[in-house]
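Every chain is numbered from 1 and lettered A, B, ... according to where its sequence line falls, protein lines coming before strand lines.
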There are 2 protein chains.
Amino acid sequence: MYRIGELSALYDIKADTLRFYEKHGLLSPSSRSDSGYRLYNQDDSERLKFILRAKAVGFSLNDIADLLSIEVDKSNRACADVKALVDTKLEQVEAKLAELQHFATSLKSLSNTCCGGPDSAEHCSILEALESSDKHIIAKQEHHHFSHLGHKD
Amino acid sequence: MYRIGELSALYDIKADTLRFYEKHGLLSPSSRSDSGYRLYNQDDSERLKFILRAKAVGFSLNDIADLLSIEVDKSNRACADVKALVDTKLEQVEAKLAELQHFATSLKSLSNTCCGGPDSAEHCSILEALESSDKHIIAKQEHHHFSHLGHKD
DNA sequence: ATAAACCTTGGAGTTTAATCTAAGGTCAAG
DNA sequence: CTTGACCTTAGATTAAACTCCAAGGTTTAT
């Protein structure tokens with residue numbers, strides 16, 4: 001069992017943030033001490049980890065509440081409803097994944113192209129890298145027989 | 001050349017948002033009409049696309065300004081500085097990618113497990129799926145020896 | 001030439017997600 | 001048995017990212 005200060009320290013957030021999440025229905029401590037202190041158990045901690053992960057990849061607290069509601073009213077929802085909700089979120093996640101992979105490719109290409117030395121960065125630009133990675137994809141489609149050289153997804 | 005209303009319509013955002021981005025140094029129109037109307041060109045439009053993509057994957061406008069600054073002061077920065085900045089952002093992107101892949105796996109497993117029918121969703125939970133996908137990974141790693149059980153990160 | 005639909009600015013208001021403040025209760029250590 | 005670090009509540013304040021409003025100028029179609 002963690003008190004609010006212990007759990008918040010564990011995830012490097014403020015105790016206030018945990019109270020805020022509780023007020024907004026995202027995470028309630030599973031019990032209270034005799035004196036009213038919040039007591040969080042391991043499941044509560046897992047749930048918090050989920051919330052923080054989802055937040056880190058760009059979901060709003062409302063989005064996260066939607067996802068968590070799948071658990072909360074488990075037996076009150078038809079499986080079809082749950083599936084629809086999950087599939088919608090899955091589409092969002094996969095769209096984000098595609099964007100991020102695009103970003104990662106561009107950043108890598110930028111990092112590799114860049115001399116890394118003390119010269120001016122005349123040709124270093126994210127936008128150029130994004131453009132050239134677009135072009136690279138097109139080029140790859142037209143020259144697929146070179147695919148064994150630096151194959152990327 | 002696009003006027004503010006045209007560009008905002010193109011990306012389904014408010015004209016106010018474009019003025020806000022301008023005020024905060026993220027995107028300025030490359031020119032103005034005689035009467036002072038903002039005129040955005042194709043490069044401006046690309047830059048906006050980048051901003052919206054980065055936002056969608058969870059970067060703050062400050063983060064995005066950092067990334068764009070790589071372009072803005074191109075020849076004023078040493079290549080080494082650019083490389084350091086890019087590599088920092090790349091680490092962030094790859095951390096987000098890992099989180100998202102974790103999510104996508106869990107959501108897929110949830111979607112597959114779920115009957116999708118009119119029955120109650122007794123066993124449908126994101127948290128369970130996240131847990132079980134964790135366990136799955138561990139199970140795979142320890143598949144040949146059952147000597148240690150309950151190993152967790 | 002005048003309405004409708006655009007645009008300008010400055011400034012105020014909203015939403016989301018915290019974060020802080022005040023006034024007090026709890027608990028372990030000296 | 002008091003000091004200091006913790007906790008409680010309600011409510012105020014902050015920061016980021018918009019979003020709206022008022023008062024007026026511009027463009028285009030009838």
Novice: Does anything in residues 1-12 of chain A reach DNA chain D, meaning a heavy atom under 4.0 Å, and if so which residues?
Specialist: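 Residues of residues 1-12 of chain A that come under 4.0 Å of DNA chain D are, in numerical order, A:Arg3, A:Ile4, A:Gly5.
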
Novice: Name the nucleic acid region contacted by B:Arg38, choosing base, sugar-phosphate or nothing; use a 4.0 angstrom heavy-atom cut-off, strictly under.
Specialist: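 The residue B:Arg38 makes sugar-phosphate contact but no base contact.
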
Novice: More 5' along DNA chain C: A:Lys55 or B:Glu22, using each one's nearest nucleotide?
Specialist: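 By nearest-heavy-atom nucleotide position, the 5'-most residue is B:Glu22.
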
Novice: Out of C:dA17, C:dT26, D:dC20, which has the shortest distance to the side chain of A:Tyr37?
Specialist: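 From the listed options, C:dT26 comes nearest.
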
Novice: For B:Phe20 and C:dT15, what is the distance between atoms CZ and C1' respectively, to the nearest whole Å?
Specialist: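 Checked: the CZ to C1' distance equals 13 Å.
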
Novice: Closest approach to the side chain of B:Thr17, judged atom by atom: which nucleotide of D:dC18, D:dT9, C:dT19 is it?
Specialist: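 Selected nucleotide: D:dC18.
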
Novice: Using a strict threshold of under 4.0 Å (side-chain N to carboxylate O), is an ion pair present between A:Glu94 and B:Lys108?
Specialist: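 Judged by the 4.0 Å cut-off on N to carboxylate O distance, B:Lys108 and A:Glu94 do form a salt bridge.
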
Novice: Could you state the interatomic distance from CG (B:Leu48) to NZ (B:Lys55), rounded to the nearest 0.5 Å?
Specialist: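 One finds 10.5 Å between CG of B:Leu48 and NZ of B:Lys55.
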
Novice: To the nearest 0.5 angstrom, please state how far the NZ atom of A:Lys14 sits from the CZ atom of A:Arg19.
Specialist: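 Taking NZ in A:Lys14 and CZ in A:Arg19, the distance rounds to 12.0 Å.
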
Novice: Considering every strand and a 4.0 Å limit on heavy-atom distances, what is the contact class for B:Ser60: base, sugar-phosphate, or nothing?
Specialist: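 B:Ser60: backbone/sugar contact only, no base atoms under 4.0 Å.
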
Novice: Mind checking the CZ-CZ spacing from B:Phe50 to A:Phe103? Nearest 0.5 Å is all I need.
Specialist: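 Rounded to the nearest 0.5 Å, the CZ-CZ separation comes out at 4.5 Å.
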
Novice: Do you know which two heavy atoms are closest between A:Arg47 and A:Gly25, and how far apart they sit?
Specialist: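 Shortest heavy-atom contact: NH2-O, 4.4 Å.
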
